2 protein chains.
Amino acid sequence: MVKAHILYVEDDETLSMLTQEHLEQQGYLVTHKIDGKSALETIRNGAAYDLYILDVMLPEIDGFDLATTIRRKDIETPILFLSAKSMKEDRIQGLRIGADDYITKPYSMEELLLKIEVFLRRSKVRQSTAAEVVSIGDIEFEYQNLILHQGGEEVTLTQREADLLMFLWKNRNQVVRRSDILEALWGEDDYFLGRSLDVFISRLRKYCKFDDRLKIENIHGVGFKLKCPE
Amino acid sequence: MVKAHILYVEDDETLSMLTQEHLEQQGYLVTHKIDGKSALETIRNGAAYDLYILDVMLPEIDGFDLATTIRRKDIETPILFLSAKSMKEDRIQGLRIGADDYITKPYSMEELLLKIEVFLRRSKVRQSTAAEVVSIGDIEFEYQNLILHQGGEEVTLTQREADLLMFLWKNRNQVVRRSDILEALWGEDDYFLGRSLDVFISRLRKYCKFDDRLKIENIHGVGFKLKCPE
DNA sequence: TCGCTCGGTTAACAACGAATTAACAATACT
DNA sequence: AGTATTGTTAATTCGTTGTTAACCGAGCGA
């Protein structure tokens, strides 16, 4: 079970690779982006994270701009800033909203892990409540538990299947481009991952057969559309 | 996914040919013009670009004049200037609006490609938002979702059909030249693509039958005009 | 360590569909 | 009338997609 999905934005390649490895060892799912633009892109395309770790010093769009932009859409998810020692505290303070916090570089892994722990525990308390259940036609979909209720029957999905279904559902009755799906769920877009996506679509279609109002349509050369009532 | 369309204005033939090739290899759709006059012409004729790359030193109308003229109609699209090393920064600074930037010659391809990436990604982020719906007579056109609502009926367009319809709509009640359509949507203009265009026009006409105030007129030897109310 | 299971990817091949090309009729210009 | 352009439908082509099965590495228990 994945503990949490972290979006980690850091332009220093060596440092980021190291950190990412470390976090993954701890059981976190880490999506690493080297700049603000690619980070924003994954977010825009519907990827959902439990925590953002943003380096403050980034080329083009810096950590603050990034945070500001994120906050326009998502006021919930905590942000952890990584700032240089010399950074004036007040800029960070000015941006901090609720749970946000920062660590000054250089930091130790322990320090980082500790902050993360604290963060996630805190926001977990805030959310927790009932596992969200969405209705897709006559099918009930528990994303967190990877369960699909089809009348009396219960099907267990894999994480990927659930992610893809959720992504389609969030954009239901709209055209979703292949490349956006791949970017959001796989993090990259190449021929083979594209074929993989087709395989998953094929599987989801089988689940959808339970309610024939549900259809995953293909838009040739463009992407897919989950057609469902409501 | 439609590739990004770049208008590249550069009078040095060797350099421009090289650059164009390179950019096309990267999957961009490049329209190259050797002077300001012809560049302005394609723009006036309704071609829509995602990025302008303008050499500063051009005969007749230079890059700055060109940019100024472009900005009168189009304040959105980013402009990338190519300037000689010796160029005073302040002139460029004075012209830069928002996202614009410049590269000094000589530049490496990597440098150029990087800038382009950054630009395009940025403007992509800026747009996104809700699917825009345009009304063409009694027909509602959701470009992003490739949908045409004709009263209760719903038709799904192909990407090309949608692109063409959008192009005509953006220049509605105006004559659009065949060559400009081809340049803008196909990136090149030859006999066969021209026939292909005719086939698409024919299809769009069928869709337009739903509201008989809509007409796609042919201007013999020149192009088409989408006539619609408003 | 071996072999099993599981999820995801890759392979293979059939089926499909959008865009192009072809063909021919209709129309406009000279 | 004669030629070029356009309208329209049909045939062709070739990349995209659907689907099933094989493959492969990670994790796990014997």
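Note on naming: letters A, B, ... go to the chains in the order of the sequence lines (proteins, then strands), and numbering restarts at 1 for each one. Since the structure is predicted, the reported quantities are computational estimates derived from the model, not experimental observations.
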Engineer: Indicate, with a heavy-atom threshold strictly under 4.0 Å, whether Asn218(A) touches base, sugar-phosphate, or nothing.
Structural biologist: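 Touches sugar-phosphate only.
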Engineer: Go through dT9(D), dT19(D), dT16(D) for me and flag the one nearest to the Asp198(A) side chain.
Structural biologist: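 Nearest to the side chain of Asp198(A) among the choices is dT19(D).
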Engineer: For a quick test of reading the model: is some side-chain N or O of Arg178(B) closer than 4.0 Å to OP1 or OP2 of dT6(D)?
Structural biologist: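 Checking dT6(D) against Arg178(B), a side-chain N or O does come within under 4.0 Å of OP1 or OP2.
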Engineer: Taking any atom closer than 4.0 angstrom to a non-hydrogen atom of chain A, what span of DNA chain C does the protein reach, first nucleotide to last?
Structural biologist: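 Result: dG7(C) to dA18(C).
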Engineer: Go through the steps for Leu157(B) and Phe141(B) under the test side-chain contact (heavy atoms from CB on, under 4.5 Å), then give the verdict.
Structural biologist: CA-CA 10 Å; Leu157(B) 305 182; Phe141(B) 174 34; 3.7 Å; yes
Engineer: Return yes if the base of dG18(D) and the side-chain atoms of Arg203(A) contain a donor-acceptor N/O pair under 3.5 Å, otherwise no.
Structural biologist: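 For Arg203(A), whose side chain was compared with the base of dG18(D), there is no donor-acceptor pair (under 3.5 Å).
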Engineer: Answer with base, sugar-phosphate or nothing: what part of the nucleic acid does Arg160(B) contact at a heavy-atom distance below 4.0 Å?
Structural biologist: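 If one applies the 4.0 Å heavy-atom cut-off, Arg160(B) turns out to touch the sugar-phosphate alone, with no base involved.
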Engineer: Rounded off to whole Å, could you give me the CG-to-P distance for the Asp189(B) and dT5(D) pair?
Structural biologist: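 Distance, rounded to whole Å: 12 Å.
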Engineer: Whole angstroms only, please: what is the CZ-P distance between Phe192(B) and dT13(D)?
Structural biologist: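 To the nearest whole Å, that distance equals 14 Å.
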Engineer: I want to check one thing: is the phosphate of dT6(D), taken as OP1 and OP2, less than 4.0 Å away from some side-chain N or O of Arg195(B)?
Structural biologist: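 So the side chain of Arg195(B) is outside the cut-off, no N or O lying under 4.0 Å from OP1 or OP2 of dT6(D).
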Engineer: Pick one: which of Val134(A), Val155(A), Leu214(A) meets side chain to side chain contact (heavy atoms under 4.5 Å, CB included) with Ile139(A)?
Structural biologist: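 Going through the options one by one, the only one that passes is Leu214(A).
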Engineer: In this structure, how many angstroms lie between the P atom of dG7(D) and the NZ atom of Lys209(B), rounded?
Structural biologist: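 Whole-Å distance recorded here is 13 Å.
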Engineer: Taking atom types as modelled, is there a side-chain donor on Tyr8(B) or Asp55(B) under 3.5 Å from an acceptor on the other?
Structural biologist: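 Asp55(B) and Tyr8(B) do not have a side-chain donor-acceptor pair below 3.5 Å.
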Engineer: For the pair Val133(B) and Asn145(B), evaluate side-chain contact (heavy atoms from CB on, under 4.5 Å) and give the outcome as yes or no after the intermediate values.
Structural biologist: CA-CA 9 Å; Val133(B) 181; Asn145(B) 287 323; over 6 Å; no
Engineer: Which of these passes ring pair (Phe, Tyr, Trp, His ring centres under 6.0 Å) with His5(B): Tyr28(B), Tyr49(B), Trp186(B)?
Structural biologist: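 Of Tyr28(B), Tyr49(B), Trp186(B), ring pair (Phe, Tyr, Trp, His ring centres under 6.0 Å) with His5(B) is met by Tyr49(B) alone.
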Engineer: Whole angstroms only, please: what is the CG-C1' distance between Leu193(B) and dT13(D)?
Structural biologist: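 These atoms are roughly 15 Å apart.
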Engineer: Could you tell me the separation between the CZ atom of Arg205(B) and the C1' atom of dT9(D), rounded to a whole number of Å?
Structural biologist: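 After rounding, the gap between these two atoms is 15 Å.
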Engineer: Can you tell me how far P of dG18(D) sits from CD1 of Ile219(A), to the nearest Å?
Structural biologist: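 Distance check: Ile219(A) CD1 to dG18(D) P gives 10 Å.
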Engineer: Could you give the CD-to-P distance, from Gln159(B) to dG15(D), as a whole number of Å?
Structural biologist: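 After rounding, the gap between these two atoms is 19 Å.
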Engineer: Do Ile34(A) and Glu10(A) have side chains that approach each other closer than 4.5 Å (heavy atoms only, starting at C-beta)?
Structural biologist: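 They are not in contact (no side-chain heavy atoms under 4.5 Å apart), so the answer is no.
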Engineer: Glu217(B) has an atom CD; how far is it from atom C1' of dT5(D), in whole Å?
Structural biologist: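 About 16 Å, once rounded to whole Å.
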Engineer: Touch check for Thr158(A), heavy atoms < 4.0 angstrom, all strands: base, sugar-phosphate only, or nothing?
Structural biologist: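 Sugar-phosphate contact only - Thr158(A) comes under 4.0 Å of backbone atoms but never of a base.
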Engineer: Under 4.0 Å, counting only non-hydrogen atoms across every strand here, what does Phe224(A) touch: a base, just sugar-phosphate, or nothing?
Structural biologist: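 Answer is sugar-phosphate: Phe224(A) comes under 4.0 Å of backbone atoms only.
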Engineer: Is Arg195(B) positioned over the aromatic face of Phe192(B), cation under 6.0 angstrom from the ring centre and no more than 45 degrees off axis?
Structural biologist: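 Ring-cation test returns no.
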Engineer: On DNA chain D, nearest-nucleotide positions of Lys206(B) versus Tyr191(B): which is more 5'?
Structural biologist: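 The residue whose closest nucleotide sits nearer the 5' end is Tyr191(B).
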